[in-house]
Each structure stands twice: as C-alpha cells, then as structure tokens.
Amino acid sequence: QAQMQQALIAFVTGKLQRTFWSPQQDMTARKLSAIAALALDGKATPALLDSLDIDPVRWPTHSVLDWLTVLEHVQVPGRAQRQQEAWQILRNRLAYQGTQVGFSTDAQDHWWWLMQGPDVNLARLILATINDPAWAEDMPRLISGFIARQQGGAWHTTTANLWGALALRRFSQKFESEPVAGSTVASMNGNEA
C-alpha cells in the first residue's frame, strides 16, 4: 500500500510519467483521481494540487466528484467556498428526464478509458449525498431515476454495476432497515385478494 501511495504521489508531482493514448486531454482528471485516492487514505496535501488548473466548471462530472473527495479530506485554502461551488455545479448539471435522472453533461462524461461514465457518476453522487440533509428530499428521486437507467437489470458497465450496488446497498441500509409490514388488498369486479 505504501508503494502504491508513493507511486501516486510521484505521478501527481511529475516524477513518474505515464503517457498513454486517450481520446482527449485527461492529465488533470488522472491527477485529480490520484489525489482523491490519496486523500481517502489521509496522504494528500494541498501542495499536490499545485500542478492542477483548478476549474471545476470545465471538468467532467467524475472530476468534480473527485474534487469534492479531495476537499472533504484535505485542508485546502478556501475549502468551504470551493465545496459549495462544486456542489452547486453538480446540482446545476442534474437533469431529470421522465423516470430517469442523469447529468446535463452525460454525453461528454463517457470517459471509458478511465472507467468513468454517467452511471458511475450518478452512483457516486448518491454515495456522496446519502447522509447529507441538504439532499434528503432529492434522494428518493435520485434512487428511482438511477435504477431507471438500467437496461435488462444492469447498468452499462461493470464499474457502474459495482458503484450502483454500493449505492443501493447504502440506500437500503439507511432508508429500508425496518422490515416491510402491513397488507395489500386488491379488488376487481367484487373479487378481493
């Protein structure tokens, strides 16, 4: 684990360079993802952000979610304002279409080479907001809209199915912990069951 963390730090600081083909410029997204992983282990510092152009409005949705992870775990200058800005970006991007929910940026958020995509983004949003009172009213609609994105009982990628299972499990633990009780009665033409 320590070697992996050292390698991530070396990558972010430019000491370790890995250049692979990608359909578009993705170095900021890659570095931000690495910093977010380090932040979860308490190994990220504000100095690691020095090599990034911090402009979340222009980032893909998965990078905004990574940015929120960094801000949650790292004492970045202007942290509270930056968190509020990032949350507002996500709220502005949310788009409800019939029974489904997604982001207005879904068409640009298919970063398959980084295993990121719209379904993953939505599952990560649910996980990030499940305990936030500011999102409590949105949660049932987010969950039902997220489930409606499935085709044939699954989301589009293995990564999305993993994140989706985690999001649904967390939702169930929080909101469906009590067993269902009661009875349902249906009647038709005088027959009741």
Side-chain angles (χ1 to χ4, degrees), residues 23 26 29 32-33 36-37 39-41 56-57 59-73 80 82-193:
D26 64 358
L32 194 54
S33 180
L40 290 171
D41 271 346
V57 172
W59 290 344
T61 302
H62 71 267
S63 291
V64 178
L65 289 160
D66 285 338
W67 178 230
L68 280 165
T69 300
V70 171
L71 292 172
E72 183 179 342
H73 298 281
R82 290 175 182 227
Q83 284 175 310
Q84 185 177 7
E85 176 190 45
W87 283 119
Q88 191 59 50
I89 289 168
L90 291 176
R91 278 209 181 269
N92 290 345
R93 290 182 184 184
L94 265 180
Y96 294 95
Q97 300 169 352
T99 60
Q100 289 189 9
V101 65
F103 293 98
S104 59
T105 56
D106 277 0
Q108 297 87 35
D109 283 342
H110 288 279
W111 288 50
W112 52 267
W113 66 100
L114 295 180
M115 295 190 293
Q116 301 290 346
D119 294 337
V120 172
N121 292 340
L122 197 52
R124 289 181 63 198
L125 175 69
I126 290 167
L127 286 166
T129 59
I130 196 87
N131 293 317
D132 187 342
W135 288 80
E137 287 185 26
D138 299 288
M139 197 53 58
R141 198 167 173 203
L142 282 173
I143 289 292
S144 62
F146 178 55
I147 291 170
R149 294 178 67 100
Q150 290 183 333
Q151 292 182 350
W155 290 282
H156 294 286
T157 65
T158 302
T159 309
N161 283 296
L162 172 66
W163 280 104
L166 292 172
L168 293 180
R169 184 176 303 133
R170 183 83 50 86
F171 178 82
S172 179
Q173 288 169 346
K174 181 164 177 70
F175 296 105
E176 300 172 340
S177 58
E178 295 181 23
V180 177
S183 60
T184 303
V185 177
S187 63
M188 188 166 109
N189 297 331
N191 297 320
E192 193 172 276

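Only a predicted model underlies this, so the values are computations on that prediction, with no experimental measurement involved.
Applying the side-chain hydrogen bond (donor to acceptor under 3.5 Å, both in side chains) test to Ser63 and every residue at least two apart in sequence or in another chain returns nothing. For Asp26, the salt bridge (charged side-chain N to carboxylate O under 4.0 Å, His left out) partners at least two apart in sequence or on another chain are Arg30. Listed by chain and number, the residues in a side-chain contact (heavy atoms from CB on, under 4.5 Å) with Arg141 are Tyr96 (sequence neighbours excluded). When the ring pair (Phe, Tyr, Trp, His ring centres under 6.0 Å) test is applied to Trp112, no partner is found at least two apart in sequence or on another chain. Judged as a salt bridge (charged side-chain N to carboxylate O under 4.0 Å, His left out), and not counting sequence neighbours, the contacts of Arg91 are Asp138. Considering only residues two or more places apart in sequence or on other chains, Phe103 meets the ring pair (Phe, Tyr, Trp, His ring centres under 6.0 Å) condition with none of them. For Ala128, the side-chain contact (heavy atoms from CB on, under 4.5 Å) partners two or more places apart in sequence, or in a different chain, are Trp87. Glu85 meets the side-chain contact (heavy atoms from CB on, under 4.5 Å) test with Pro56, Ile89; sequence neighbours excluded. Residues satisfying the ring pair (Phe, Tyr, Trp, His ring centres under 6.0 Å) criterion with Phe175, sequence neighbours excluded, are Phe171. By the salt bridge (charged side-chain N to carboxylate O under 4.0 Å, His left out) test, Arg124 pairs with Asp66, sequence neighbours left out.
Rounding to the nearest 0.5 Å places CD of Gln83 at 9.5 Å from CH2 of Trp67. Here the CZ atom belonging to Arg93 is positioned 11.5 Å from the CG atom belonging to Leu125, to the nearest 0.5 angstrom. With rounding to the nearest 0.5 angstrom, the CZ atom of Arg169 is 13.0 Å from the CD atom of Glu176. Distance check, rounded to the nearest 0.5 Å: CD of Gln84 to CG of Leu71 gives 12.0 Å. Note that OG1 of Thr61 and CG of Leu122 are 10.0 Å apart. Values are rounded to the nearest 0.5 Å.
Between the side chain of Arg149 and the backbone N or O of Val101 there is at least one donor-acceptor pair closer than 3.5 Å. Side chain of Ser33 to main chain of Ala29: no donor-acceptor pair is present (N/O by atom type, distance under 3.5 Å, no hydrogens or angles).
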Let's go through Ile147 and Leu168 carefully: what are the C-alpha distance in whole Å and the side-chain angles of both, what is the deciding distance for side chain to side chain contact (heavy atoms under 4.5 Å, CB included) to 0.1 Å, and is it a yes or a no?
CA-CA 9 Å; Ile147 291 170; Leu168 293 180; 4.0 Å; yes
Verify side chain to side chain contact (heavy atoms under 4.5 Å, CB included) between Ile126 and Trp163, making sure each step is shown before the conclusion.
CA-CA 10 Å; Ile126 290 167; Trp163 280 104; over 6 Å; no
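Scanning all heavy atoms of the two residues, the minimum distance from Ala39 to His73 falls at O-CB, 3.5 Å. Smallest separation of non-hydrogen atoms from Leu127 and Leu166: CD2-O, 3.8 Å.
Counted within 6.0 Å of CD on Glu137, heavy atoms from surrounding residues, nucleotides or ligands total 12 or fewer; the atom is thus considered open. Within 6.0 Å of CE on Met139 lie more than 12 heavy atoms contributed by other residues, nucleotides or ligands.
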Give every donor-acceptor pair under 3.5 Å between a side-chain atom in residues 180-193 and any protein atom, sequence neighbours left out.
none

Let me check something: any side-chain donor-acceptor pairs from residues 152-161 under 3.5 Å, sequence neighbours excluded? List them with distances.
residue	atom	partner	partner atom	Å
Trp155	NE1	Phe146	O	3.0
Thr157	OG1	Ala160	N	2.9
Asn161	OD1	Trp155	N	3.0
Asn161	ND2	Trp155	O	3.3
Asn161	ND2	Thr157	O	2.8

